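Because the structure is predicted, anything quoted here is derived from the model rather than measured.
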Amino acid sequence: MKTLVAGLLLVIAFTSVSCRKNHDVISSEVKNDTAANYARDIYLWYNNIPATFNAHTYTDPNGVMEGIRAFSEEPGFSTPVDRWSFAILKSDWEKMSAGIGGDFGMNVFFLNNNDLRVSYVERESPAGKAGIKRSWHIKQINGNADVTAANAPDIIRAVYQSVTGTFLFGRPNKADTAITLKAASYREHPVLFDSVYTTGSGKTGYFVFNSFLGDTNEIKNEFVRIFDKFNVQHVQDVVVDLRYNGGGYVSVQNLLANYLVPAAGNNDVMLTEEFNDRYSSYNTTEKFVKKGTLNLNRLFFIVSQNTASASELLINSLMPYMEVQLVGPTHTHGKPVGFYPIPVFDWYIFPVSFRTINKNGEGNYFNGLNLNYQVMDGLDKDWGDVGEGCLSSVLRYISSGSFARLGVTPQQRAGLTEEVQFSNARLGKPKFKGMIR
């Protein structure tokens with residue numbers, strides 16, 4: 001991969017330098033031209049970009065990357081499939097890829113149209129230090145009680161884009177409390193929770209993995225800790241909660257897949273990456289190198305529309321080797337393609353550059369991976385609560401062979417409406433979704 005990037009840099013560098021109007025100031029036109037030149041070469045659908053595509057009509061390289069999305073045509077799909085090509089300032093990317101946040105550290109979704117809940121909190125963030133927990137009900141934001149699904153744009157600005165904010169929280173079995181938060185930088189920790197449950201006559205391991213980005217040494221150590229714990233407790237089934245995991249490094253996906261694959265899959269095909277026809281010589285097949293002692297014959301994933309990219313790659317890579325069950329409020333996001341950072345002056349651009357397929361050649365899931373059982377996201381419960389909708393359904397299946405509840409409450413039906421899912425898709429949009437080499 002480094003060889004490919006180096007070759008691209010040499011090809012494009014001459015064009016970029018020759019276009020410079022000033023040795024000290026790089027104009028936006030030059031940056032945009034450079035971004036477009038890369039796209040015409042490495043973009044998975046490069047041959048669909050017309051000669052009339054004018055990079056100068058965009059304000060920055062991110063606009064150029066969003067502009068090329070329109071040309072991502074795939075057989076069987078009536079609209080462009082690329083929703084992800086983007087660009088970001090190098091300084092911002094270095095923080096994001098290292099797992100450094102710069103906001104309140106609190107993420108939110110709707111339980112129903114009129115019930116906004118904290119979905120998760122980063123423990124070192126301002127929200128984490130204030131003691132805020134998943135499941136808390138947000139009743140007011142900056143004194144405004146209009147906290148409804150129809151008001152999602154204002155909620156996004158207040159929760160994710162503000163320097164300060166005051167929130168009135170309803171807490172389980174406690175009095176309401178108002179907390180003022182100030183945005184700050186903090187380190188993210190992708191493993192949010194893990195535990196082992198007794199299910200019937202066996203043991204089930206469960207962990208919430210929230211991102212394939214971050215401190216990779218920390219993630220590796222966490223995998224060692226979790227799977228050692230599962231081994232010591234003789235876990236027979238594993239539940240991986242990826243419901244808010246938008247993806248990240250393919251290398252981290254490979255590592256987790258190697259822990260989860262059955263022993264019979266060792267040395268067999270995990271995935272293949274395919275580039276456009278100009279770079280087909282860089283197509284790569286990755287094989288499993290089994291880690292740990294777990295030898296599962298089935299695996300459960302909790303997913304949602306926010307489960308994307310490297311998360312979907314993990315699921316798809318394991319499907320040929322074991323029974324895989326998907327549970328959650330919606331099918332997954334639908335991103336079977338990836339990219340890698342290409343430097344353009346003070347920016348990195350990320351044009352979609354490769355697709356992935358599993359051992360069976362399957363990988364065209366632009367509409368997402370389908371559920372085996374639909375159940376609402378139990379936002380009214382904290383992580384690990386056996387009464388939380390998704391986890392409860394999986395544990396029930398492991399114990400009894402059936403996902404089905406005794407009955408579905410009106411609140412649960414309200415949590416699965418199209419309006420709630422649409423609003424939650426908007427609330428989940430700010431989070432990175434990608435597969436990075």
Discussion item. With ring pair (Phe, Tyr, Trp, His ring centres under 6.0 Å) as the criterion, how do Tyr321 and Phe288 come out once you've worked through the C-alpha distance, each side chain's angles and the decisive distance to 0.1 Å?
Written reply: CA-CA 11 Å; Tyr321 296 94; Phe288 286 104; 5.2 Å; yes
Discussion item. Quick one, Ile155 with Ile138, criterion side-chain contact (heavy atoms from CB on, under 4.5 Å). Give me CA distance, side-chain angles, the key distance, then yes/no.
Written reply: CA-CA 11 Å; Ile155 293 170; Ile138 300 177; over 6 Å; no
Practice prompt. Verify ring pair (Phe, Tyr, Trp, His ring centres under 6.0 Å) between Trp136 and Phe167, making sure each step is shown before the conclusion.
Written response: CA-CA 11 Å; Trp136 286 18; Phe167 303 85; over 10 Å; no
Practice prompt. Evaluate the salt bridge (Lys or Arg N to Asp or Glu O under 4.0 Å) criterion for residues Asp237 and Arg298: first the C-alpha distance (whole Å), next the side-chain angles of each, then the deciding distance (0.1 Å), finally the verdict.
Written response: CA-CA 7 Å; Asp237 286 292; Arg298 64 179 180 180; 2.7 Å; yes
Practice prompt. Could you give me the CA-CA distance, side-chain angles and deciding distance for Leu369 and Val303, then say whether side-chain contact (heavy atoms from CB on, under 4.5 Å) is met?
Written response: CA-CA 9 Å; Leu369 297 168; Val303 302; over 6 Å; no
Worksheet entry | Audit row: Glu74, Arg355, salt bridge (Lys or Arg N to Asp or Glu O under 4.0 Å) steps and yes/no | CA-CA 12 Å; Glu74 279 287 314; Arg355 69 177 76 240; 2.8 Å; yes
Discussion item. Determine whether Tyr340 and Phe350 satisfy the following criterion, ring pair (Phe, Tyr, Trp, His ring centres under 6.0 Å), listing intermediate values before the conclusion.
Written reply: CA-CA 6 Å; Tyr340 48 89; Phe350 292 80; 8.6 Å; no
Item to complete: Would you check, one step at a time, whether the test side-chain contact (heavy atoms from CB on, under 4.5 Å) holds for His137 with Asp115?
Response: CA-CA 7 Å; His137 178 195; Asp115 190 344; 3.1 Å; yes
Worksheet item: Yes or no on side chain to side chain donor-acceptor pair (under 3.5 Å) for Thr199 and Ser399, after CA distance, side-chain angles and deciding distance?
Response: CA-CA 5 Å; Thr199 42; Ser399 296; 4.9 Å; no
Item to complete: Check the pair Arg171, Asp176 against salt bridge (Lys or Arg N to Asp or Glu O under 4.0 Å), reporting the backbone distance first and the verdict last.
Response: CA-CA 6 Å; Arg171 301 176 296 170; Asp176 293 355; over 6 Å; no
Worksheet item: Given the rule in the side-chain contact (heavy atoms from CB on, under 4.5 Å) test, do Phe86 and Ile349 qualify, once you have shown the distances and angles that lead to the verdict?
Response: CA-CA 6 Å; Phe86 77 106; Ile349 63 168; over 6 Å; no
Fill in: Check against side chain to side chain donor-acceptor pair (under 3.5 Å), Thr330 and Gln421
CA-CA 8 Å; Thr330 68; Gln421 299 307 326; 4.8 Å; no
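Gln305 and Asn424 are not linked by any side-chain donor-acceptor pair at a separation below 3.5 angstrom, with hydrogens and angles left out of the test. Side chains of Asp146 and Thr148: a donor-acceptor N/O pair is present below 3.5 angstrom, by distance only. Checked by atom type, the side-chain pair Tyr206/Asp241 shows a donor-acceptor distance below 3.5 Å. With hydrogens and angles left out, the side-chain atoms of Thr272 and Thr285 include a donor and acceptor closer than 3.5 Å. At a cut-off of 3.5 Å, with distance as the only test, no side-chain donor of Asn316 or Glu312 sits close to an acceptor on the other residue.
Classification of Lys95 and Asp103 as a salt-bridged pair fails, no side-chain N sitting under 4.0 Å from a carboxylate O. Between Asp268 and Lys359 there is a salt bridge, since a side-chain N of the basic residue sits under 4.0 Å from a carboxylate O of the acidic one. A salt bridge is absent between Glu122 and Lys129: the closest approach of a Lys/Arg side-chain nitrogen to an acidic carboxylate oxygen does not fall below 4.0 angstrom.
A cation-pi arrangement is found for Lys335 relative to Trp84, the charged atom lying closer than 6.0 Å to the ring centre and inside a 45° cone about the ring normal.
Ring geometry for Tyr279 against Tyr282 counts as tilted: the plane angle lies between 30° and 60°, on a 0 to 90° scale. Ring geometry for Trp93 against Phe432 counts as tilted: the plane angle lies between 30° and 60°, on a 0 to 90° scale.
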In a table with atom names and distances, give each donor-acceptor pair under 3.5 Å that connects a side chain of residues 62-72 to protein atoms at least two apart or in another chain.
{"residue": "Asn62", "atom": "OD1", "partner": "Ala87", "partner atom": "N", "Å": "3.0"}
{"residue": "Asn62", "atom": "ND2", "partner": "Glu66", "partner atom": "OE2", "Å": "3.3"}
{"residue": "Arg69", "atom": "NE", "partner": "Ser85", "partner atom": "O", "Å": "3.1"}
{"residue": "Arg69", "atom": "NH1", "partner": "Arg83", "partner atom": "O", "Å": "3.3"}
{"residue": "Arg69", "atom": "NH2", "partner": "Ser85", "partner atom": "O", "Å": "3.0"}
{"residue": "Ser72", "atom": "OG", "partner": "Arg69", "partner atom": "O", "Å": "2.7"}
{"residue": "Ser72", "atom": "OG", "partner": "Val81", "partner atom": "N", "Å": "3.2"}
{"residue": "Ser72", "atom": "OG", "partner": "Asp82", "partner atom": "N", "Å": "2.8"}

Please list every donor-acceptor pair under 3.5 Å in which a side-chain atom of residues 248-260 meets a protein atom from a residue at least two apart or in another chain.
{"residue": "Tyr249", "atom": "OH", "partner": "Ser97", "partner atom": "O", "Å": "3.1"}
{"residue": "Asn258", "atom": "OD1", "partner": "Val289", "partner atom": "N", "Å": "2.8"}
{"residue": "Asn258", "atom": "ND2", "partner": "Asn254", "partner atom": "O", "Å": "3.1"}

Side-chain donor-acceptor contacts of residues 208-221 below 3.5 Å, not counting sequence neighbours, with atom names and distances?
{"residue": "Ser211", "atom": "OG", "partner": "Leu213", "partner atom": "N", "Å": "2.9"}
{"residue": "Asp215", "atom": "OD1", "partner": "Asn217", "partner atom": "N", "Å": "3.0"}
{"residue": "Asp215", "atom": "OD1", "partner": "Glu218", "partner atom": "N", "Å": "3.2"}
{"residue": "Glu218", "atom": "OE1", "partner": "His189", "partner atom": "ND1", "Å": "3.2"}
{"residue": "Glu218", "atom": "OE2", "partner": "His189", "partner atom": "ND1", "Å": "2.7"}
{"residue": "Asn221", "atom": "ND2", "partner": "Asn217", "partner atom": "O", "Å": "3.2"}

May I have the list of side-chain donor-acceptor pairs in residues 226-234 shorter than 3.5 Å, sequence neighbours left out?
{"residue": "Lys229", "atom": "NZ", "partner": "Asp194", "partner atom": "OD2", "Å": "2.8"}
{"residue": "Asn231", "atom": "OD1", "partner": "Thr293", "partner atom": "OG1", "Å": "2.7"}

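Val108 and Ser119 make their closest contact through N-OG, 3.5 Å (heavy atoms, listed as atom of the first residue, atom of the second, distance). Nearest approach of Leu44 to Glu274, heavy atoms of both residues: CD1-O, 3.9 Å. The shortest heavy-atom contact between Arg123 and Val191 is NH1-O, 4.2 Å. Across all their heavy atoms, Leu168 and Ala178 have their closest contact at CD1-N, 4.0 Å. In terms of heavy atoms, Gly102 sits closest to Ala183 at O-CB, 4.2 Å. The minimum heavy-atom distance linking Arg187 with Ala98 is given by the pair NH1-O, 3.1 Å.
Applying salt bridge (charged side-chain N to carboxylate O under 4.0 Å, His left out) to Glu388 and the options Arg243, Arg117, Lys381 leaves one that passes, Arg243.
Heavy-atom neighbours of Lys287 NZ from other residues, nucleotides or ligands within 6.0 Å: at or below the threshold of 12. Annotation: Phe77, atom CZ; neighbour count of heavy atoms from other residues, nucleotides and ligands within 6.0 Å is above 12.
With sequence neighbours left out, Ser400 forms a side-chain contact (heavy atoms from CB on, under 4.5 Å) with Arg396, Ser402. With sequence neighbours excluded, the residues satisfying ring pair (Phe, Tyr, Trp, His ring centres under 6.0 Å) with Tyr397 are Phe300, Phe403.
With rounding to the nearest 0.5 Å, the separation of CG in Leu371 from CD in Gln325 is 10.5 Å. With rounding to the nearest 0.5 angstrom, the CG atom of Asn113 is 4.0 Å from the CD atom of Glu419. Here the straight-line distance linking atom OG1 of Thr177 with atom CZ of Phe169 works out to 8.5 Å at 0.5 Å rounding.
Formation of a donor-acceptor pair under 3.5 Å by the Asn276 side chain with backbone atoms of Ile42 is found in this model.
Residues Trp45 and Tyr43 bring their aromatic ring centres within 6.0 Å.
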